[in-house]
Amino acid sequence: MKSGSAYKYGTNVDTDAIIPARYLNVSDPAELARHCMEDIDENFARVVKPGDIIVADTNFGCGSSREHAPLCIKAAGVTCVIAKTFARIFFRNAINIGLPLMECPEAVEGISAGDVIEVDIARGKIKNITTGMTFTAKPYPDFMGGIIASGGLIEYTRQKLAAG
Amino acid sequence: MTLAEMILAAHSGKTRVTPGEFIEVNVDMVLSNDITGPIAIREFKKIGVNRVFNPKKVVMVPDHFTPNKDIASAEQAKQVREFCKEQGCHYFEVGRVGIEHVLLHEEGLVLPGEVIIGADSHTCTYGALGAFGTGMGSTDIASAMATGHIWMKVPSTIRFNYYGNPRRWVGGKDFILHAIGDIGVDGALYAAMEFGGEAIDWLSLEGRLTMANMAIEAGGKAGLFYADEKTVSYIKERTNRPFTVYNPNPDAQYEKVIDYDVSDIEPQVAFPHLPSNTRPVSQAGHIKIDQAVIGSCTNGRIEDLRVAAQVLKGRQVASSLRCIIIPGSQSVYMQALKEGLIETFIAAGCAVSAPTCGPCLGGHMGILASGEKAIATTNRNFVGRMGSPKSEVYLSSPAVAAASAISGNIINPDDLA
Ligand code: SF4
């Protein structure tokens with residue numbers, strides 16, 4: 001069980017907003033994290049604390065395939081992103097690198113910026129400590145269970161290849 | 001089955017696949033670039049294999065920050081170069097390189113009926129050739145480089161039919177911007193977009209590449225076209241590798257079918273800060289611009305440069321702005337040179353650059369200052385996409401961008417004095 005404050009954003013938060021391309025001449029996650037969300041929220045990278053949570057409306061992570069986007073969110077210490085829907089490539093990338101995502105329209109409606117949120121990733125439970133409301137995220141498709149259980153795609157592939 | 005379903009079934013050893021099903025897909029080409037390649041290489045090395053599954057099916061294209069814009073970019077390009085040398089996979093050096101999605105089909109590296117995955121969201125471009133191309137992240141690419149296959153969820157398909165005769169100056173860019181404006185930036189989320197109809201039969205391969213390229217701007221997983229005679233002869237000029245042309249079954253199940261009469265479509269402009277924020281150019285109002293960019297994987301092909309030159313010939317770029325022209329590949333550049341297009345551009349006062357992504361993603365070669373506005377033939381106009389987060393990008397066809405470069409305002413070529 002992890003808790004932290006919510007940062008709230010609108011619809012179609014694109015990968016250029018999450019990490020502008022001008023910073024993509026490096027791939028070190030900690031370095032990237034310093035510019036996380038910079039073009040839509042100048043303060044985010046400075047004030048975000050480990051355990052905090054990003055909450056957004058529909059189509060979070062649309063745009064480019066840059067894995068730098070989930071990497072920098074994870075490196076910024078964010079526990080998970082809760083959104084109504086996620087863009088397809090961002091969703092894959094986040095699962096592959098082990099950044100938990102929770103798809104839950106009700107939670108997005110029921111969380112305001114600054115609310116303290118507790119999440120139980122494994123059980124898909126979201127609790128808004130500030131208001132007392134609880135929510136359940138859409139479960140991951142079974143197929144992805146193996147990747148998530150391995151902690152990401154690389155470990156999953158490594159184990160599969162090792163097993164022959 | 002739809003076109004997407006037929007190709008995916010053939011690549012997963014099945015006779016049939018249905019939307020929503022998770023499958024393991026064998027891939028024919030695995031692509032990455034100078035930004036996504038370094039992470040893919042780093043992750044690949046963690047898997048514990050020494051060699052890529054098949055060097056003939058792996059390609060890395062250093063196109064984003066090349067010719068290297070700074071030391072950090074040079075380091076990334078070097079990692080990609082060294083990995084390709086060590087693995088023997090396809091690689092294109094500056095001087096031979098072009099923007100990946102202009103280059104790969106020119107080089108005969110992607111064929112109808114194939115599955116291409118790339119650590120670049122515009123890998124959907126190859127759908128124009130009747131292939132299934134889709135973008136993924138670097139970790140997916142690392143895993144596919146090791147194994148030769150990748151998991152996918154079979155997408156549902158939305159069918160777009162374009163009928164009628166297009167107006168003057170209207171082409172693929174306007175067709176796709178119109179559709180994105182209609183369905184929205186998540187209108188095809190997780191779905192394949194399949195394009196057809198008489199106006200598509202008429203459309204050039206370049207126009208189709210432009211359309212497939214922007215499927216991702218509607219959230220699409222792929223954007224597919226039937227490989228007709230135009231496509232097949234284009235491919236046969238470039239390679240003698242065998243390929244299969246798939247045609248969607250008459251009984252194909254579509255999530256939705258959307259029809260457009262192209263005679264209703266005016267040249268389109270997508271306003272900041274979403275590609276779906278489209279308006280007909282006649283309703284653009286008075287937008288004064290500081291820069292025009294003609295190039296990118298969307299509109300950096302020879303046909304695009306021909307249209308731009310047609311508009312710019314004998315005219316001058318307004319003294320209030322910069323017009324930057326970026327041929328998408330060396331062969332596009334060479335062809336433009338032979339046809340006299342480059343001379344037209346330079347005489348008109350345009351800057352012509354070596355092939356690169358450059359300003360398209362705010363990398364280099366034409367970055368915007370705060371408060372500046374650009375019209376660009378690129379595919380994204382998100383906040384900060386071409387530079388300052390306080391700048392603005394308007395998306396259009398090469399015809400509208402060239403006309404706007406002359407007038408200083410966003411304008412239809414027909415309205416030029
Ligand atoms: S031209 Fe632009 S959209 Fe195309 S691959 Fe390069 S950066 Fe991406």
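Every chain is numbered from 1, with letters handed out A, B, ... down the list of sequences. We use all heavy atoms of the structure for the numbers below, so side chains are in, but hydrogens, waters and symmetry mates are not.
Of the atoms belonging to A/T11, not a single heavy atom falls under 4.5 Å from chain B. Of the two parts of B/D70, only the side chain, counted from C-beta on, holds a non-hydrogen atom closer than 4.5 Å to a non-hydrogen atom of chain A. Only the side chain of B/L189 comes within contact range of chain A, with at least one heavy atom under 4.5 Å from a heavy atom of that chain.
Between B/S121 and A/R66, every side-chain heavy-atom pair lies at or beyond the 4.5 Å cut-off. Inter-residue side-chain proximity for B/M136 and A/R92 is flagged as met; some heavy-atom pair is nearer than 4.5 Å. At a threshold of 4.5 Å between non-hydrogen side-chain atoms, the residues A/R88 and B/T134 count as touching. Residues A/D14 and B/V185 form no side-chain contact, since every pair of their non-hydrogen atoms from C-beta on lies 4.5 Å or further apart. A heavy-atom distance below 4.5 Å is found between the side chains of A/I89 and B/I216. At least one side-chain heavy atom of B/Q76 sits under 4.5 Å from a side-chain heavy atom of A/S27.
A/N25 contributes atom CG, which lies 10.5 Å from atom CD1 of B/I71 (distance to the nearest 0.5 angstrom). The CD1 atom of A/I154 sits 5.0 Å away from atom CD of B/E43, with the distance rounded to the nearest 0.5 Å. Residue B/I39 holds its CD1 atom at 6.0 Å from CD of A/E67, rounded to the nearest 0.5 Å. Rounding to the nearest 0.5 Å gives a distance of 10.0 Å between CD of A/E155 and CD1 of B/I47. The structure places OG1 of A/T157 at 12.0 Å from NZ of B/K46, a figure rounded to the nearest 0.5 Å. The distance from atom NE2 of B/H122 to atom OG of A/S64, rounded to the nearest 0.5 Å, is 8.5 Å.
Note on A/E38, A/Q159, A/H68: by heavy-atom pairs under 4.5 Å with chain B, the leading option is A/H68. Of the listed residues (B/H364, B/R42, B/E217), the greatest number of heavy-atom pairs within a distance under 4.5 Å of chain A belongs to B/R42. Here A/N59 is the residue among A/N93, A/N59, A/T15 with the most heavy-atom pairs under 4.5 Å with chain B.
Taking every heavy atom of both residues into account, A/L161 and B/V49 meet most closely at CD1-CG1, 3.8 Å. The minimum heavy-atom distance linking B/F382 with A/G63 is given by the pair CE1-CA, 3.9 Å. Smallest separation of non-hydrogen atoms from A/F86 and B/Y190: O-OH, 3.2 Å.
For B/R385 (side chain) and A/A21 (main-chain N/O), no donor-acceptor pair under 3.5 Å exists by modelled atom type. In terms of modelled atom types and a separation under 3.5 Å, the side chain of A/R22 and the main chain of B/G363 share no donor-acceptor contact.
Within 6.0 Å of the NZ atom in A/K127, the count of heavy atoms belonging to other residues, nucleotides or ligands does not exceed 12. Counted within 6.0 Å of NZ on A/K2, heavy atoms from surrounding residues, nucleotides or ligands total 12 or fewer; the atom is thus considered open.
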Assess the residue pair A/L24 and B/F65 against the criterion (side-chain contact (heavy atoms from CB on, under 4.5 Å)); give the C-alpha distance rounded to whole Å, side-chain angles, the decisive distance to 0.1 Å, and a yes or no.
CA-CA 9 Å; A/L24 301 186; B/F65 293 159; 4.2 Å; yes
Are A/E42 and B/K390 close enough, and set up right, to give a salt bridge (charged side-chain N to carboxylate O under 4.0 Å, His left out), and what steps lead you there?
CA-CA 12 Å; A/E42 252 176 349; B/K390 296 198 179 76; 5.2 Å; no
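Residue-level contacts of residues 148-158 of chain B with chain A, in order of numbering, are B/H149, B/I150, B/W151, B/M152; threshold 4.5 Å between heavy atoms. Interface with chain A: from residues 138-146 of chain B, residues B/S138, B/T139, B/D140, B/A142, B/S143, B/A146 qualify, criterion being any non-hydrogen pair under 4.5 Å.
B/D186 and A/N12 form no side-chain donor-acceptor contact under 3.5 Å, judged by distance and modelled atom types alone.
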